[in-house]
S.K.: 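Handing you this structure, nothing more for now.
So that the names make sense, note that chain A is the first sequence line, chain B the second, and so on, each numbered from 1.
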Number of protein chains: 2
Amino acid sequence: MPRQKSYDRQNAITKACNAFWEHGFQSLGVRELERLTGLNQFAIRSEFGGKEGLYLETLNYYCDAAISAEMAPMKQGGIPEIVSFFKGLVTPGSMTSSDYGCLIVNTGIENARIQSPRLENAVRSYWNTLEDHFLIALENEQAEQGEGAAFTPHILAASLVPAVMGIHAHNRSHRDQTAGRPLVDLICSILSGYRPL
Amino acid sequence: MPRQKSYDRQNAITKACNAFWEHGFQSLGVRELERLTGLNQFAIRSEFGGKEGLYLETLNYYCDAAISAEMAPMKQGGIPEIVSFFKGLVTPGSMTSSDYGCLIVNTGIENARIQSPRLENAVRSYWNTLEDHFLIALENEQAEQGEGAAFTPHILAASLVPAVMGIHAHNRSHRDQTAGRPLVDLICSILSGYRPL
DNA sequence: ATTATTTCACTGCAACTGTATAGAAATGGA
DNA sequence: TCCATTTCTATACAGTTGCAGTGAAATAAT
């Protein structure tokens, strides 16, 4: 019965994600958004609930992709998997590596003004999820090493999260997805030091 | 001969700095800027060269203040002065500690769209200055320790800069100027480890 | 007091914002 | 073919943006 849609929903979300990632939320007008995603204004409103709705959808898409592609291995792993995650932050081709930094970091900084609780929750949830993954991997590691482990999982996990933010922020600032490598190397060497041979 | 101005220039810059720090550049309209700074539109245009001119002035003010208040000690110091700098990032009352993160980090992330070369230069210059201060302090430290120092100054300096960004980003994201403390502690303990008794 | 100069408050302007609405176009069943 | 339903394009709308212009107010030297 209905007329067929002129866009592919998932494809539009992917394009919207890239667009917001690069330009931010406020700077990206609805008309430019149409152009970059292939959506039309009616679709943005009826399918996603307006610009903010579409943004929220892209945030969820980004989070899910990052979690399943980059974080997930840490749940079954230890320090080596954390090291892999950090290396992914500055490895071209990785989901979590981009000249535009990280959509969540960017949102967290921009959202201070927008003050949208929905956006705030999405951001907070992402960082909680990351910290949880770090924590699980560190607890796995601790269980493997026994009581002699030279770190406290929950404290170390809490300090790795802002390090991730800093790598992203540095990448975006330099518009270079490998710019944060020195800190990645430092973190990785510290973590490796916690893992006796 | 001239009519006296209704504002104090330095006071206006200070207020503008706080306003931009909290709200960002794009989100803060000229009319709200008037309200928050005590300036009038004519003054913003004639005295500062419009909104972007005023923003640039606040960036310079912020940079100068941060450099002289927090970075300067590192030029004559070593690792203890670097440690002090990091602690300042999460110490209420410090110039470099704020619930709104860091004006320069925020600008670096927001400016990806604005693409103003003047803003870009201000940001880049700030991070270069910080890295230079780290480098000098580390070289001082190395000179004091002799050839046995367990770090390479220019590599370590380059990795400390994104760590600073991450602490700021974390603070802003949590709207809590002490939120980045776990990473601060981690960095400080690493640095202290580089300094034999 | 008159004058020249500067700063002021106020209004106007074109461009843009996100959203809403209206009518045309497409679709598949009756 | 006609119809109900959905999506499309296009226009309209009220609100905001940064900036420019205009005449009044203030100031200090003449």
S.K.: How many Å lie between CD on B/E34 and P on D/dT16, as a whole number?
M.R.: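 One finds 15 Å between P of D/dT16 and CD of B/E34, rounded.
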
S.K.: Can B/S116 and B/Y55 be counted as having a side-chain donor-acceptor contact under 3.5 angstrom?
M.R.: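 On atom types as modelled, these side chains do not qualify, holding no pair under 3.5 Å.
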
S.K.: Between B/E70 and B/K87, is there a salt bridge with N-O shorter than 4.0 Å?
M.R.: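 Salt bridge absent between B/K87 and B/E70.
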
S.K.: Using a strict threshold of under 4.0 Å (side-chain N to carboxylate O), is an ion pair present between B/E120 and A/R175?
M.R.: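 Looking at A/R175 and B/E120, the cut-off is met.
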
S.K.: Rounded to the nearest angstrom, tell me the gap between atom OH in B/Y55 and atom C1' in D/dG18.
M.R.: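 These atoms are roughly 16 Å apart.
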
S.K.: Give the rounded distance in Å between these two atoms: CD of A/Q26 and P of D/dT16.
M.R.: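 Those two atoms, CD and P, are 15 Å apart.
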
S.K.: Assess whether one donor atom and one acceptor atom, taken from the side chain of A/R3 and the base of C/dT27, lie less than 3.5 Å apart.
M.R.: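 When only heavy-atom distances are counted, A/R3 does not reach the base of C/dT27 through any donor-acceptor pair under 3.5 Å.
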
S.K.: Would you mind telling me which residue lines up with the more 5' stretch of DNA chain D, B/R45 or A/E47, judged by nearest nucleotide?
M.R.: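 Residue closer to the 5' terminus by nearest nucleotide: A/E47.
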
S.K.: Rounded off to whole Å, could you give me the CG-to-P distance for the B/L33 and D/dG18 pair?
M.R.: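 Rounded to the whole Å, the gap is 8 Å.
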
S.K.: Give a yes/no on whether any side-chain N or O of A/S6 is located under 4.0 angstrom from OP1 or OP2 of D/dT7.
M.R.: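 Result: no.
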
S.K.: Could you state the atom-to-atom distance from CZ of B/F42 to P of C/dT5 in whole Å?
M.R.: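 These atoms are roughly 15 Å apart.
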
S.K.: CD1 of A/I44 versus C1' of C/dT21: gap in Å, rounded?
M.R.: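 Taking atom C1' of C/dT21 as the reference, CD1 of A/I44 is at 16 Å.
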
S.K.: B/Q4 side chain: which of C/dG18, C/dT27, D/dT27 is closest?
M.R.: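 So the side chain of B/Q4 is nearest to D/dT27.
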
S.K.: Just to be sure I understand the rule, does A/S46 reach a base, reach only the sugar-phosphate, or reach nothing, if contact means heavy atoms closer than 4.0 Å?
M.R.: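 Touches nothing.
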
S.K.: Can you find a donor-acceptor N/O pair under 3.5 angstrom joining the side chain of B/Q41 to the base of C/dC10?
M.R.: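 Answer no: no donor N or O sits under 3.5 Å from an acceptor.
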
S.K.: Are A/E47 and A/K5 ion-paired here, with the side-chain N under 4.0 Å from a carboxylate O?
M.R.: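 A/K5 and A/E47: salt-bridged.
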
S.K.: Rounded off to whole Å, could you give me the CZ-to-C1' distance for the A/R31 and C/dA15 pair?
M.R.: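 Nearest whole value for this atom pair: 11 Å.
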
S.K.: Roughly, in whole Å, what's the span from CG in A/L39 to P in D/dA10?
M.R.: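 A/L39 atom CG is separated from D/dA10 atom P by 16 Å.
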
S.K.: State whether B/E32 and B/R35 are salt-bridged, where the test is any N-O pair (Lys NZ or Arg NE/NH1/NH2 against Asp/Glu carboxylate O) under 4.0 Å.
M.R.: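 Judged by the 4.0 Å cut-off on N to carboxylate O distance, B/E32 and B/R35 do form a salt bridge.
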
